[in-house]
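A quick write-up on the structure given underneath.
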Amino acid sequence: MRKMNFAAGPSVMPLDVLEELQKNLVDYKGKGLSMIEASHRGGMFEEMYDECLADFRELLSIPDDYDVYFLGGGATLQFTMIPMNFLLKGTHADYLKTGSWANKAADDAEKLGDVNTLFDGKDSGYTTLPEPESVKPSEGASYLYLCSNETIGGIEWQSFPDTGDVPLIADMSSDFLSRPVDVKNFAMIYGGVQKNLGPAGAVFIIMRHDMLDKRNSNLTAYMDYAKHAKNKGLYNTPPVFSIWAVSLVLKWIKANGGAEGMLKNAIEKSGYIYDVIDSSDFYRSPVDKRYRSRMNVVFRCPSEELEAKFVDEAKKEGMLGLKGHRSVGGLRASLYNALPMEDAASLAAFMKEFERRNG
Ligand code: PMP
C-alpha cells in the first residue's frame, strides 16, 4: 500500500507516472533500450525532450520570445547564476527577503554584487509578505528578485508586484504549475522540479530572450545563460531521467485540467487543512492569512511534545513527511499537485481526531 506523502520535496509523484516510468524503464516504447541509456544527442531523447518543452510552453502559454529549457545543479545553483549574469558591476539588484529561500538567494547575490533589500520579513518571523502594490523597484535596479512560495515558512504570493521596466525574476520551485501564471510579467521564472514536476535533478528555466543582451558575457561556459539558451539546455549532458519523468508529469497535468485544474485542486486540498486549523483552538497557523500557501501548510500544536506525538501517530496511519523544517519546527503538510485529494481529506480527519484525544 502506498503511503500518504506530505513531504516538502522530493515529494509525491502521480502514481500513473511512476507506473509509466516503470513500464518503460528497461525498454522505452519497444525501442530496445532505456531512455536513460540513450544519448541526449540522439533522436529518442530529442523527440521526448521536444515534446516535453512543447507541453511545458502550452501549459502556461509561454510567449515565443522566452527561452525554455532544463539545467542541473538544483535551484540553488540559480542563486549564483542569476547575479553572475545580471548583477553587473556598477548596478544593484532588489531582493525581497521573505524567508529561507529568498534569503539564501540574497546571501549568494551579496557575495557577488550590490544587493538592495526592498523588504525583510525578519520582524514578523517571515510570516508575511509586502502588499504587491507597495513593492516598487529602486531606481536603476538591474532586476527585482522574489520567491513565489516560501516552502519552509508556508507563505505564497497570491499576486505579484508590477515592476515596470525592471526585470522581475522569480523562484517558483514549490508552487510552479499549481496555478496559472502570466509569464510575460516576468523576465525569468525558474525552479527545481522535485515538488510539482518530477524527481530531483532538473531545474526549469523560463527566460525572456532579451535578458541575454543585459548579461555579463564574460563567464565560464556553464554559468552563461546564453550557452544554455542557444542549445535549449543541451550544452552539456542534461539530467535525462528527471526530464523524462517531468515530460510524463506535464502530460498528467494536461490530462487533469492544466494549471487551472491544479489550482482548483490546491484550493480544495489546502481548504481541508486550513478549515481544521481555523475551527480549532488547538491548532494554530503562524502565517498571515492573506498569504497562506496552498502548497505548504505550516501549523503548530499547543506544545512541541504534542507536535512530536502528532508526527509519530500520523506515521502509524501511513502519513509521512509532516514534521516542519528543522529550522522552524512545528508541522508542515505539503500538498503538491500529485497529492491525491483523499489524502488531504484523511489528514484533516486525522487532525480532528488527534485534537479530540489531546485537546
Ligand atoms: N527554492 C525553493 C523555494 C525551495 O523550496 C528549494 C528547495 N526546497 C530551493 C530553492 C533549493 O532547491 P535545490 O535543493 O533544488 O537546490
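Both ligands and their constituent atoms are indexed starting at 1 by order of listing. The figures here come from the full heavy-atom set of this structure, side chains too, leaving out hydrogens, waters and symmetry mates.
Contacts between Glu150 and ligand 1 below 4.0 angstrom, taking non-hydrogen atoms only, are absent altogether. Using a 4.0 Å cut-off between heavy atoms, Thr76 contacts ligand 1 through both its backbone and its side chain. Looking at Ala8 against ligand 1, nothing comes within 4.0 Å, counting heavy atoms. The proximity of Lys104 to ligand 1, defined as any non-hydrogen pair under 4.0 Å, does not occur for either the backbone or the side chain.
Protein heavy atom closest to atom 8 (N) of ligand 1, with residue, atom name and distance, is Lys195 NZ, 2.9 Å. Atom 14 (O) of ligand 1 has Gln194 NE2, 3.6 Å as its closest protein atom, hydrogens excluded (heavy atom only). The nearest protein atom to atom 1 (N) of ligand 1, hydrogens excluded, is given as Asp171 OD2, 2.6 Å; this is a heavy-atom distance.
Salt bridge Arg179/Asp175: present, at least one basic N to carboxylate O contact under 4.0 Å. Salt bridge present: Glu353 and Arg356 bring a charged side-chain N and a carboxylate O closer than 4.0 Å.
Some N or O of Ala75 is nearer than 3.5 Å to an N or O of ligand 1, by distance alone.
Aromatic ring pairs are classed by plane angle as parallel below 30°, tilted from 30° to 60° and perpendicular above 60°; the pair Phe299 and Tyr283 is perpendicular. Under the 30°/60° scheme for interplanar angles, the aromatic rings of Tyr49 and Phe45 are found to lie parallel.
Applying the side chain to side chain donor-acceptor pair (under 3.5 Å) test between Lys251 and each of Asp55, Asn256, Asp16 identifies Asp55 as the sole match.
For an aromatic pair to be called close, the ring centres must be under 6.0 Å apart, and Tyr66 with Phe186 fails this. Centroid-to-centroid, the aromatic rings of Tyr190 and Phe176 stay 6.0 Å apart or farther. Between Tyr225 and Phe86, the ring centre distance stays below 6.0 Å. A distance below 6.0 Å separates the ring centres of Tyr145 and Tyr95.
Not close to ligand 1: Ile152, with no non-hydrogen atom less than 4.0 angstrom away. The closest approach between any non-hydrogen atom of Ser173 and ligand 1 is below 4.0 Å.
For ligand 1, the atoms closer than 4.0 angstrom to any heavy atom of Asn149 are 3 (C). Close approach of ligand 1 to Cys147 is summarised as follows: ligand atoms under 4.0 Å from at least one heavy atom of the residue are 3 (C). Every atom of ligand 1 with a heavy atom of Phe79 under 4.0 Å away is listed here by number and element: 10 (C). For ligand 1 and Gly74, the ligand atoms under 4.0 Å from any heavy atom of the residue are 15 (O), 16 (O). Each of the following atoms of ligand 1 lies closer than 4.0 Å to a heavy atom of Thr151: 2 (C), 3 (C), 4 (C), 5 (O).
Transitive grouping of hydrophobic side chains (ILVMFWY, heavy atoms separated by less than 4.5 Å) brings Ile36 and Tyr28 into a common cluster.
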